[in-house]
Trainee: 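Quick one: the structure is below, and I'll ask about it shortly.
Chain letters run A, B, ... following the sequence lines, proteins first, then strands; residues in each count from 1.
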2 protein chains.
Amino acid sequence: MTRVLVIDDEEPILRALRINLVAHKYEVSTAADGASGLAAIARDRPDVVILDLGLPDMDGTEVISGVRGWSALPIIVLSAWGQESQKVAALDAGADDYVTKPFGMGELLARLRVAVRRAAPAPDEPVVTGKDFTVDLAAKRVIRDGADVRLTPTEWQLLEVLVRHREKLVTQRQLLAEVWGPEYQSEGNYLRVYMAHLRRKLEPDPSKPRYLLTEPGIGYRFTANESVASPPGGLSS
Amino acid sequence: MTRVLVIDDEEPILRALRINLVAHKYEVSTAADGASGLAAIARDRPDVVILDLGLPDMDGTEVISGVRGWSALPIIVLSAWGQESQKVAALDAGADDYVTKPFGMGELLARLRVAVRRAAPAPDEPVVTGKDFTVDLAAKRVIRDGADVRLTPTEWQLLEVLVRHREKLVTQRQLLAEVWGPEYQSEGNYLRVYMAHLRRKLEPDPSKPRYLLTEPGIGYRFTANESVASPPGGLSS
DNA sequence: CCTGGGTGTTAAGGGCGCGTCAAGATCAGC
DNA sequence: GCTGATCTTGACGCGCCCTTAACACCCAGG
């Protein structure tokens with residue numbers, strides 16, 4: 001079920017949106033100001049955000065750029081005023097769409113469908129397999145030696161981010177922001193602890209990782225093919 | 001330059017759009033009806049389409065679904081009427097955005113930027129390859145003789161700056177500022193040490209650099225093609 | 001031939017990031 | 001309220017990376 005976060009301080013609008021969204025099979029959560037909205041995004045990770053610009057505590061574009069610093073999730077902006085410069089500012093700050101009040105619920109729902117449709121471009125290979133285990137992203141399962149490997153929620157989130165970017169290097173900041181939230185970007189300890197967990201559960205020899213590789217000082221990389229030969233020239237000094 | 005196709009049958013709107021878009025550095029082509037519009041999309045492959053729904057020969061949603069059958073290029077719909085059901089139909093048919101006339105040119109340009117921004121997830125050329133090695137900026141990976149070359153964080157940052165400005169000369173001050181920070185602009189030693197590291201790891205003959213060239217007294221240059229031939233004839237002065 | 005500025009090369013030491021472990025805190029289920 | 005699992009937090013040792021310095025080299029000019 002698609003999860004929508006509505007950030008708005010006007011009670012009637014909030015209620016109308018909630019009723020309509022729930023009726024169309026969305027899972028709805030709400031926040032009444034920008035600060036709690038940002039916190040809710042970091043905590044709940046909704047699939048799409050509907051953001052009213054007329055918030056009591058901060059400017060709407062601040063909320064947008066606060067999110068865009070670490071996530072690309074779709075943001076649809078609502079606004080009461082027709083100020084064109086405000087529309088331009090919000091769109092350029094990173095909003096995906098802009099709807100002016102009063103708006104028709106049918107239109108908002110259609111724009112919501114567009115945003116969600118566009119954000120789900122991953123019907124490709126949900127199963128990644130190494131020689132020692134298989135990761136099924138869609139089924140959220142890891143199979144090793146024919147048996148399920150039990151992963152805790154945090155372990156799974158971390159593995160999922162790495163597998164989605166397989167073969168690519170993912171920086172520590174990016175991993176921390178996507179798994180723990182943007183305010184944890186300096187807690188490098190978490191990464192080391194949970195990478196150790198994953199390696200103990202997945203690697204044939206946890207002390208010599210073949211799949212979950214460390215790039216010292218930068219981040220981590222998940223790789224399925226073992227094309228890690230020793231360079232012929234060597235690094236000998 | 002971003003290429004925009006405008007499909008509209010009203011001459012004044014067409015002219016206004018063309019003038020504004022060209023003024024903002026877009027490359028503009030036009031079509032006056034749905035059939036020629038579809039033909040133009042197939043032939044020219046524009047980066048984004050602006051489509052007026054009020055076409056003489058066919059319904060706008062037919063044009064949209066005709067495109068969506070084989071391409072995901074961004075489509076922004078223009079319409080004179082406020083009919084909500086029409087908006088919903090166009091958006092559900094696959095349009096990315098819907099702007100109602102009369103519209104402000106600033107808003108349309110902002111929505112155009114959003115569409116282009118979203119359709120171009122690869123703004124930089126991530127892979128640069130020489131004859132002896134390959135640099136993959138997106139994956140943060142260097143491959144030489146089929147094997148990964150291990151680079152330390154500083155080595156990678158330095159290489160990244162040089163590759164981003166490939167073929168261009170980068171001054172020492174600029175390199176120092178981008179890798180070590182603006183307060184290190186006089187530490188010329190660092191540069192020489194790390195250039196030596198990179199050359200030892202990447203160059204076939206580190207003492208005779210072919211890719212990481214020194215411009216004495218100014219800075220360094222990364223070059224992939226060795227088209228720096230000396231004139232064969234003897235026209236020396 | 002000598003001199004000096006800019007460059008290339010190498011080596012050594014100190015600091016820091018990484019892996020590891022374990023105990024306390026927090027949460028979920030019964 | 002208890003119990004087990006999970007998350008958080010701190011400490012510690014090792015290896016590697018950055019820094020730094022010393023020296024050889026090339027070239028231009030005196």
Trainee: Just how far, in rounded Å, is C1' of C:dT9 from CG of B:Leu198?
Mentor: 14 Å
Trainee: Specify the angle, to 10°, made by the local axes at the two ends of the helix from C:dC1-D:dG30 to C:dC30-D:dG1 when five pairs are taken at each end.
Mentor: 30°
Trainee: Would you list the protein and nucleotides 18-23 of chain D atom pairs, both N or O, that sit under 3.5 Å from each other?
Mentor:
{"unit_1": "D:dC18", "atom_1": "OP1", "unit_2": "B:Thr154", "atom_2": "N", "d": "3.0"}
{"unit_1": "D:dC18", "atom_1": "OP1", "unit_2": "B:Thr154", "atom_2": "OG1", "d": "2.5"}
{"unit_1": "D:dC18", "atom_1": "OP2", "unit_2": "B:Thr152", "atom_2": "OG1", "d": "2.9"}
{"unit_1": "D:dC18", "atom_1": "OP2", "unit_2": "B:Tyr194", "atom_2": "OH", "d": "3.0"}
{"unit_1": "D:dC18", "atom_1": "O5'", "unit_2": "B:Thr154", "atom_2": "OG1", "d": "3.4"}
{"unit_1": "D:dC18", "atom_1": "O5'", "unit_2": "B:Tyr194", "atom_2": "OH", "d": "3.0"}
{"unit_1": "D:dT19", "atom_1": "OP2", "unit_2": "B:Trp180", "atom_2": "NE1", "d": "2.8"}
{"unit_1": "D:dT20", "atom_1": "OP2", "unit_2": "B:Tyr190", "atom_2": "OH", "d": "2.2"}
{"unit_1": "D:dA21", "atom_1": "N7", "unit_2": "B:Asn189", "atom_2": "ND2", "d": "3.4"}

Trainee: Send over the distance from A:Leu213 CG to C:dG19 P, rounded to a whole Å.
Mentor: 11 Å
Trainee: Could you encode protein contacts along nucleotides 24-30 of chain C as a string, one character per nucleotide from 5' to 3', using B for base contact, S for sugar-phosphate-only contact and - for no contact, with a heavy-atom cut-off of under 4.0 Å?
Mentor: -------
Trainee: Both B:Gly217 and A:Gly219 contact DNA chain C. Taking the nearest nucleotide for each, which residue is further toward the 5' end?
Mentor: B:Gly217
Trainee: Using distance alone, with no hydrogens and no angle criterion, decide if A:Asn20 and A:Tyr26 have a side-chain donor and acceptor under 3.5 Å apart.
Mentor: no
Trainee: Taking only side-chain N and O atoms of A:Arg199, does any of them lie within less than 4.0 angstrom of OP1 or OP2 on C:dG19?
Mentor: yes
Trainee: Set out, line by line, the N/O atom pairs under 3.5 Å between protein and nucleotides 27-30 of chain D.
Mentor:
none

Trainee: What is the nucleic acid contact for A:Gln172, judged by heavy atoms within less than 4.0 Å: base, sugar-phosphate only, or nothing?
Mentor: sugar-phosphate
Trainee: Measure the shortest side-chain to side-chain distance between B:Trp180 and B:Leu191 over non-hydrogen atoms and say whether it is less than 4.5 angstrom.
Mentor: yes
Trainee: Quick one: side chain to side chain donor-acceptor pair (under 3.5 Å) partners of A:Asp44, sequence neighbours excluded?
Mentor: none
Trainee: Report, one line per pair, each donor and acceptor closer than 3.5 Å where one atom sits in a side chain of residues 89-99 of chain B; sequence neighbours left out.
Mentor:
{"unit_1": "B:Asp92", "atom_1": "OD1", "unit_2": "A:Arg113", "atom_2": "NE", "d": "2.9"}
{"unit_1": "B:Asp92", "atom_1": "OD1", "unit_2": "A:Arg113", "atom_2": "NH2", "d": "3.4"}
{"unit_1": "B:Asp92", "atom_1": "OD2", "unit_2": "A:Arg113", "atom_2": "NE", "d": "3.4"}
{"unit_1": "B:Asp92", "atom_1": "OD2", "unit_2": "A:Arg113", "atom_2": "NH2", "d": "2.8"}
{"unit_1": "B:Asp96", "atom_1": "OD1", "unit_2": "B:Arg68", "atom_2": "NH2", "d": "2.8"}
{"unit_1": "B:Asp96", "atom_1": "OD1", "unit_2": "B:Ile75", "atom_2": "N", "d": "3.0"}
{"unit_1": "B:Asp96", "atom_1": "OD2", "unit_2": "A:Arg118", "atom_2": "NH1", "d": "2.8"}
{"unit_1": "B:Asp97", "atom_1": "OD1", "unit_2": "A:Arg111", "atom_2": "NH1", "d": "2.8"}
{"unit_1": "B:Asp97", "atom_1": "OD1", "unit_2": "B:Arg111", "atom_2": "NH1", "d": "3.1"}
{"unit_1": "B:Asp97", "atom_1": "OD2", "unit_2": "B:Arg111", "atom_2": "NH1", "d": "2.9"}
{"unit_1": "B:Tyr98", "atom_1": "OH", "unit_2": "B:Ser79", "atom_2": "OG", "d": "3.1"}

Trainee: Answer yes if the side chains of A:Arg15 and A:Thr30 hold a donor-acceptor pair under 3.5 Å, and no otherwise.
Mentor: no
Trainee: Specify whether A:Tyr190 and A:Tyr184 have parallel, tilted or perpendicular ring planes, treating 30° as the upper limit for parallel and 60° as the lower limit for perpendicular.
Mentor: tilted
